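Ligands are counted one by one from 1 in listed order, and the atoms in each one are counted from 1 as well. All values reported here derive from a predicted model rather than from experimental measurement. Sequential numbering from 1 along the given sequence is applied to the chain's residues.
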Amino acid sequence: MKNTYIRIMSGICVMPLLTACGNTAETVRTADIFAMDTYMNIKAYGSGAESAVTDAEARIYELERTLSVTDEASDIRKINQAGGQPVTVSADTVSVLQTAQDMHYESSGALCISLYPVLRAWGFTTGEYRIPAADEIAELLENADDTQISADGQTVRCPAGMEIDLGAVAKGYTGDAVMEIMQVHRISSAIINLGGNVQTLGSRPDGSAWKVGITDPFAPDSLIGTVSVTDKAVITSGNYERYFTGADGCRYWHILDPADGYPADNGLVSVTVIGACGAECDALSTALFVEGTEQAVEHWRRSGDFEMILVTSDGGLLLTEGIAADYTAKTELPYRVVQRNEEP
Ligand code: ADP
Ligand code: MG
């Protein structure tokens, strides 16, 4: 479990904000919930905030039931237990699968949702951690191949023996779904934090940009900096989020490299992606973490629709040029701004 920085649990709160002269200016409604194995917070401003947050909570629980890999009745369980037979799933599941398939291709396989049996062997699905034997990992990896998953409308087929998990994308997709609900309720100012995935709608009620903290992977209770954003998702994948220390004294974390089935160790300890679409940013943050520093910079240069903040395992900090002006450092850590037209 992570994101212990959200300390206020369970409960909702409706509060009128007061202007300087004491008039009620705007209603804010917040909710703290636990879903998808993490703490979440929703905050919406404006007259429709109360019903918007209520509907958003219901939608989160609905997506949790649909996309969970452990819930007996979820679409993902149905796919994983179908033994290669076609399964009819919800439009939400098809959409998340499509994002994952696209990112699998764009990242040359770094994002791979069919690693679930390997994740289970490491104990990341239960918390009963262990270091699997090399031949056990190699055998399980033989069944990991996202290109074998096919969808025809809402009918999905996954080969027998393959199991998928949408943990790398589901929270980003859920954030997008929450933002759609906010817009239906005509909310123009909202911020949500779904287990470290921050998504913002519009600007703060006073018109200023939202400030989102970027965790220091070497000291997760502190920030390396903040970014100022409006209408953007700010989504981080890091090696400090879920890990265990093995009997050999090494740290093993929850993002695996499909190339060998071991925790991805390609020069990065955290990747923050800033962009318009939560599902895409979530898929990207995991994919870029696996790709490693150089490939991630190449991927950014090819794409053009997101910005990123990389922290390297040797303590370096890289910002892409489109986010540099919106970044405020909170540590002495020097950083390099990567330009679109330069060699990495
Ligand atoms: P978090 O869920 O901690 O915010 P991520 O979005 O990076 O972080 O997703 C990590 C989760 O994705 C893991 O817990 C696991 O379920 C799954 N996963 C691990 N490695 C990969 C990978 N290479 N491709 C796709 N999913 C992965
Ligand atoms: Mg992700």
Visitor: At a non-hydrogen distance cut-off of under 4.0 Å, which region of I255 contacts ligand 1 (side chain, backbone, both, or neither)?
Guide: both
Visitor: Hey, does N197 come in under 3.5 Å of ligand 1, counting only N/O atoms on both sides?
Guide: no
Visitor: Under 2.8 Å from the Mg ion (ligand 2), which protein N/O/S atoms are there?
Guide: A168 O, D282 O, D282 OD1, T286 OG1
Visitor: When you group the ILVMFWY residues by side-chain heavy-atom contacts below 4.5 Å and let the links chain together, are I79 and L63 in the same group?
Guide: yes
Visitor: Show me the pairs that pass ring pair (Phe, Tyr, Trp, His ring centres under 6.0 Å) and involve residues 168-211, at least two apart or across chains.
Guide: none
Visitor: If hydrophobic clusters are built by linking Ile, Leu, Val, Met, Phe, Trp and Tyr wherever their side-chain heavy atoms come under 4.5 Å apart, do M162 and L115 end up in the same one?
Guide: no
Visitor: Using the benzene-type ring in the case of Trp, are the ring centres of Y252 and Y243 under 6.0 Å apart?
Guide: no
Visitor: Counting each atom of ligand 1 from 1 as listed, which ones have a heavy atom of D165 under 4.0 Å away?
Guide: 15 (C), 16 (O), 17 (C)
Visitor: Hey, any chance L140 and I131 share a hydrophobic cluster, counting ILVMFWY side chains that come within less than 4.5 Å of each other, even indirectly?
Guide: yes
Visitor: Please report whether ligand 1 has a polar contact with C112, defined as an N or O pair separated by less than 3.5 Å (distance criterion only).
Guide: yes
Visitor: Looking at A110, which atoms of ligand 1 are within less than 4.0 Å of one of its heavy atoms?
Guide: 22 (C), 23 (N), 24 (N)
Visitor: Using a plain distance cutoff, I'd like to know if D282 has any nitrogen or oxygen under 3.5 Å from a nitrogen or oxygen of ligand 1.
Guide: yes
Visitor: Just jot down the ligand 1 atoms closer than 4.0 angstrom to any heavy atom of E241, in number order.
Guide: 1 (P), 3 (O), 4 (O), 8 (O)
